[in-house]
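As the structure lists them, so they are numbered: ligands from 1, and atoms in each ligand from 1. As the structure is a computational prediction, the values presented were derived from the model and not from experiment.
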Amino acid sequence: MTDERPGTTSPPAAGHAPVLPAIPAETTLLAARIRELVEAGVHTDVAAEDLRAAAEHVTAATELLRERTREEPLLLSYLDGNQVSVHNPVEGPGNPLAPPMVGLEIDESGATSSTALLGAAYEGPPGRVHGGWVASLLDHAVGRAVAVAGHPAMTVSLTVDYRRGTPHGVPLTINARFTGKEGRKVFATGEIVADGETTAEASAILVTY
Ligand SMILES: CCCCCCCCCC(=O)SCCNC(=O)CCNC(=O)[C@H](O)C(C)(C)COP(=O)(O)OP(=O)(O)OC[C@H]1O[C@@H](n2cnc3c(N)ncnc32)[C@H](O)[C@@H]1OP(=O)(O)O
């Protein structure tokens, strides 16, 4: 995490992505509509001709979006006072793949907490979020927590204990915290809580860059 604030234009210390002073409302809107499309797509039971008609609409939208493209899809901006990657696949409000993880809160100890609501499109076991997505939420949360603690780093080891199924369609709380540093190695833990129960816990080693 860098110390840029809204309105500044200097690039982030750890990358070359452009920093937007704010996320364009239409970027968030499009991603939200595509997420709805994906959920509708996995739930739909319409007839084959309607599937084909819907596919043609989607093709038309894709062609419109391809009319002008950037070389670098990643953009940085600010949400609720925190820097976010607009197109990050976990937190990016502009990336339809991202649930997204939102509402970052940092308590007085530096521990972080965010929320996410994953729909049926993220299902692994019946009624439960796919384990890879559970790990993604935790990987991102520990990365965020160490950045908040002033040690931006990349995950080199992530151990996830899946305690119980993480339900989809239910708000999830994702907590994480920096726990220590040894040379370039940074340690963090995190967990996901659903309906008051911890569903998965993570222990991570990250390396500063
Ligand atoms: C601001 C917003 C933030 C938002 C959060 C974003 C979260 C994103 C989460 C991610 O997706 S992270 C991406 C997934 N991770 C990667 O792609 C990292 C892939 N790994 C690497 O690129 C290299 O391992 C890395 C550049 C991180 C380190 O390579 P180096 O060659 O610079 O380091 P080196 O291999 O010498 O290891 C440094 C130390 O870490 C230790 N280490 C490395 N891998 C380890 C491992 N797997 N387990 C335990 N320790 C490990 C290693 O022993 C050594 O310890 P010592 O300093 O004590 O000698």
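Every pair passing salt bridge (Lys or Arg N to Asp or Glu O under 4.0 Å) that includes a residue from residues 196-206 is listed here, sequence neighbours excluded: Arg163-Glu201, Arg164-Glu197.
Considering each of Asn88, Val148, Asp139, the one bringing a non-hydrogen atom nearest atom 9 (C) of ligand 1 is Asp139.
A donor-acceptor pair under 3.5 Å is formed between the side chain of Thr59 and the backbone N or O of Ala55. A donor-acceptor contact shorter than 3.5 Å links the side chain of Arg35 to the backbone of Ala98.
Residue-to-ligand polar distances place Val156 within reach of ligand 1: an N/O pair is separated by less than 3.5 Å. For Arg144, no nitrogen or oxygen atom sits less than 3.5 Å from a nitrogen or oxygen atom of ligand 1, counting backbone and side chain alike.
Glu191 is linked by a salt bridge (Lys or Arg N to Asp or Glu O under 4.0 Å) to Arg177, counting only residues two or more places apart in sequence or in another chain.
Side-chain contact of His130 with Glu123: a donor-acceptor pair under 3.5 Å is absent, judged by distance alone.
Both the backbone and the side chain of Thr155 come within 4.0 Å of ligand 1, counting heavy atoms alone. Counting heavy atoms under 4.0 Å from ligand 1, residue Glu91 does not touch it at all.
Which parts of ligand 1 touch Ile205 is read off a 4.0 Å heavy-atom cut-off, strictly below it: atoms 49 (C). If you number the atoms of ligand 1 from 1 as listed, the ones under 4.0 Å from a heavy atom of His140 come out as 4 (C), 5 (C), 6 (C), 7 (C).
The two residues Ala176 and Ala141 make their nearest non-hydrogen contact at CB-O, 3.3 Å.
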